[in-house]
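Quick caveat, the model's predicted, so the values are computed rather than measured.
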Amino acid sequence: MLISLDWLKDYVDIDLSPVELAEKMTMAGIIIEHIEYPSDGIEQVVVGEILSVEAHPQADKLKVLQVNVGDKVLQIATGAPNVAVGQKVPVALPGAKLPSGKEIQAADFRGVESCGMLCSADELNIDHSEEGKAGIMILPSDVEVGKDIIEVLGLDDAIMDMELTPNRSDCMSVWNTAKEAAA
């Protein structure tokens, strides 16, 4: 069973690191097999707001965008079908790293410089379904431009994978797992 450390903290004060908590819970009989950090591999990805969308002058399937990332406006070329003016989207800045290991650099797309990349949910390792791969991830309109995407999406968490034995079915809820963590 997967359980979020942030969710446990809603019910009990935990001042241990995820690894320390996992060790203590394992020693108490609830085996933590693995700890996953959703933010692993994501660096320099921020919230951007699309200011303009224009057709690429030399490619039918590409669009050229002007995107406000807080401290500057970047020109980004994309083939995403779901972009529109006013949308808030995840933007990988030049020098950014993604969970796949890909590093983003400025590039030339048929004569148009692209300084960054818009990200899908799949590229951020959030949603690997067809919908997550289909286009750029659209964020809520009230999100602050320039804010780190890890904070915006709540990816600064630790997810613990618990191996529950038949005699510990009580820990199949966050509430009871929180009671075990408190003990």
(request) With rounding to the nearest 0.5 Å, note down the distance linking CG in Asn125 to CG in Asp40. (result) 9.0 Å

(request) Check Ile14 against Ala181 and note the closest heavy-atom contact, atom names and distance. (result) CD1-CB, 4.4 Å

(message) Check for me, please, whether Ile32 and Val12 land in the same ILVMFWY cluster - side-chain distances under 4.5 Å, paths through other members count.
(response) yes

Enumerate donor-acceptor pairs with a distance under 3.5 Å from any side-chain N or O in residues 135-151 to protein atoms, sequence neighbours excluded.
{"residue": "Lys147", "atom": "NZ", "partner": "Glu151", "partner atom": "OE2", "Å": "3.4"}
{"residue": "Asp148", "atom": "OD1", "partner": "Ile150", "partner atom": "N", "Å": "2.9"}

(request) Nearest 0.5 Å please: distance from the CG atom of Leu164 over to the CE atom of Met1. (result) 6.0 Å

(message) Looking at Glu113, is its backbone amide N or carbonyl O close enough to the side chain of Gln75 to form a donor-acceptor pair, meaning the two atoms are under 3.5 Å apart?
(response) yes

(message) Between Val85 and Val83, is there shared hydrophobic-cluster membership here, with clusters defined by ILVMFWY side-chain heavy atoms closer than 4.5 Å?
(response) yes

(request) Report the distance from atom CD of Gln44 to atom CD1 of Ile104, rounding to the nearest 0.5 Å. (result) 10.5 Å

(request) Look up atom CG in Leu21 and atom CE in Met160, then write down how far apart they are to the nearest 0.5 Å. (result) 4.5 Å

(message) Looking at Ser39 and Asp156, would you say the former's side chain and the latter's main chain have a donor-acceptor pair under 3.5 Å?
(response) no

(request) Could you state whether Val174 and Ile35 fall into the same hydrophobic cluster, counting links through intermediate Ile, Leu, Val, Met, Phe, Trp or Tyr residues with side-chain heavy atoms under 4.5 angstrom apart? (result) yes

(message) So which atom in Ala92 and which in Cys119 form the shortest heavy-atom distance, rounded to 0.1 Å?
(response) CB-SG, 3.9 Å

(message) Are Ile42 and Val69 connected into the same hydrophobic cluster when the rule is that any two of I, L, V, M, F, W, Y join if their side-chain heavy atoms are below 4.5 Å apart?
(response) no

(message) Can a donor-acceptor pair be found, under 3.5 Å and without considering hydrogens, that links the side chain of Gln87 to the backbone of Asn82?
(response) yes

(message) Set out, in order, the CA-CA distance, both residues' side-chain angles and the distance that settles side chain to side chain contact (heavy atoms under 4.5 Å, CB included) for Glu36 and Leu2, then state yes or no.
(response) CA-CA 10 Å; Glu36 181 180 316; Leu2 300 177; 6.0 Å; no

(message) Are Leu74 and Leu118 linked, directly or through intermediate hydrophobic residues, by side-chain heavy-atom contacts shorter than 4.5 Å (ILVMFWY only)?
(response) yes

(message) Looking at every non-hydrogen atom in both residues, tell me the closest pair between Pro94 and Ala106 and how far apart they are.
(response) CB-N, 4.4 Å

(message) Quick check for you: to the nearest 0.5 Å, what is the distance between Gln105 atom CD and Cys115 atom SG?
(response) 10.5 Å

(request) Say whether, by atom type as modelled, one donor and one acceptor occur between the side chain of Asp6 and the main chain of Asp157 under 3.5 angstrom. (result) no

(request) Apply side chain to side chain contact (heavy atoms under 4.5 Å, CB included) to Leu124 and Val45, showing your working. (result) CA-CA 9 Å; Leu124 294 174; Val45 180; 4.2 Å; yes

(message) Please find the pair of heavy atoms, one from Pro99 and one from Glu123, that lie closest to each other, and give the distance.
(response) CD-O, 3.3 Å

(message) Let me confirm one number: the CD1-CE distance from Ile31 to Met162, rounded to the nearest 0.5 Å.
(response) 11.5 Å

